[in-house]
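Heads up, the thing below is written out as structure tokens.
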Amino acid sequence: MRWSGWWAASAPLIAFLALPVFALVISAKPEEVLAGLSSPSSRSALTLSAWTSVASTLTILVLGTPLAYALSKRPKGLGRLVEALVDLPLLLPPAVAGVALLLAFGRAGLLGPALSVWGVELPFTTIAVVAAQVFVACPLYVRAAALGLAGVSGDLSEAAVMDGSNTWNTFRRIQMPLAAAALVEGAIISWARALGEFGATLIFAGNFPGRTQTMPLAIYLGFEFDFRSALALSALLLAVSVIVLLVARCLRPTLSFRAY
Amino acid sequence: MPMFVVLAGCSQPKGELVVFAAASMTEGATAIGAEYQQAYNSSVTVNHGGSDMLAYQISQGARADVLITADLEAMDIVSKRSEAVVFATSELVVAASEKVDSFDDLSRPGIKIAMAAKEVPAGRYTRAALEKIDPKLAKAIMANVVTQEPNVRSALNKAKLGEVDAAFVYSTDVAGTDLKAIELPAEARQQAQYYIVAFTPAGKDYVALARTSPGRDALTKLGFGKPE
């Protein structure tokens, strides 16, 4: 098949994805989008979404990279169980994830009393928003990173070890730079998932403007009350997301190169 | 919570009645539905959720025979304000755990309260009630609100789970839970009025049942009051 044949075969799915997005964009009037931008509640939702999704992604990078490295070795036995555990948040309906988080970390949950002793109560806080986002989005990074790290040729690592490198240095100077493209891609898609997170956030963190009401929550509630302004907010969220995704993807080669 | 109903009109079997009911009227709508089933030999499906959300879905083309909302404002969304009638009432109360013994306890520092969002009737009633009490008390109570839920039942659930100490819900919601119902101060009492409207002839039969004896009795048994 010539390469244009592939694009022809892809056309149905591309059209299926593009049409709703296009419909959303043309239905939002520019003045409504601007009005949406200027309302304090949507500005606070947008700001909250922005920084919680970034915080979640950074948390996922820090906590998820060691796990990705461990999984890239394709461990047997217990490792298989861990792999399945990492996939779980992808399978759980987000609302179920929210209930599970509440049952585990809520005031009346498993860890609740212990956390309370330290003066920590997670539900209904902004930290809970980050926690919910990390829970649902980390599989996307861990899987991509594990795949990327596994793709680095074992010969290179062995050569480094033979030349006297320890595990950490081998990881830092050989494996991570070579897998950087996959790591960055994983970070991008898990950020996108964190930004769009709704069900788990609503249940675990609740809905409180300025504190836990992220853009998806504001849009959901807005639909009931003021359909037009919710549409405008949706278009806004869409625009912001697309811009960030495009910029991140364009920067990816640069980021990968810098990692050397 | 079945908030999103996929109703492909073609797949609706004939003789099935679809009722969209406010979350707090779920059991009531189902009980009336049972009466309807007996009287007309047709199955009834009750789709429940926040009143505004249900009205919005209907305004966007979702097929429903009957809509039940927890206040009149929600009826505006389907432009049925003039046709909707009150068929049951309930009262806004505080569903409280042991940590809260009186209404004033709600203002204690450290108490966590759940209420419904302003986009939902229960949230509107709660705000109206808080406007009628001493402003300092109202401010202290609002400071303890940690979440504004999309429907009154999820506010209740937060209290049932023990994640909040109290929730502003309807008196009919508290029955059957371990929580106790604390009445609002006299000056702030809010009576919730449930409105019902039909979109089809079959729906009109349902509405008639809801407003007369078999339906009325079922509602009274569940703790709902009669409209004045």
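Quick note on labels: first sequence line is chain A, next is B, and so on, each numbered from 1. Owing to the predicted nature of the structure, the values given are computational and were not obtained by experimental measurement.
More than 12 non-hydrogen atoms from other residues, nucleotides or ligands lie less than 6.0 angstrom from CG of Asp87(A). Around the CG atom of Leu78(A), the shell of radius 6.0 Å holds no more than 12 heavy atoms that belong to other residues, nucleotides or ligands. The number of heavy-atom neighbours closer than 6.0 Å to CD of Glu98(B), taken from other residues, nucleotides and ligands shown, is 12 or below. In this structure, Arg211(B) places its CZ atom where only 12 or fewer heavy-atom neighbours from other residues, nucleotides or ligands lie under 6.0 Å away.
The two atoms that bring Leu102(A) and Lys158(B) nearest to each other are CD2-CE, 4.0 Å, heavy atoms only. Thr147(B) and Asn207(A) make their closest contact through OG1-N, 2.9 Å (heavy atoms, listed as atom of the first residue, atom of the second, distance). Nearest heavy atom pair, residue Val145(B) against residue Phe208(A), reads O-CE1, 3.0 Å.
For Glu163(B) (side chain) and Arg107(A) (main-chain N/O), a donor-acceptor pair under 3.5 Å exists by modelled atom type.
Leu221(A) places none of its side-chain heavy atoms less than 4.5 Å from the side chain of Asp52(B).
Comparing Gly206(A), Ala108(A), Ala95(A) by how many heavy-atom pairs each has under 4.5 Å with chain B, the most go to Ala108(A).
Neither the backbone nor the side chain of Asp76(B) comes within contact range of chain A; no heavy atoms are under 4.5 Å apart.
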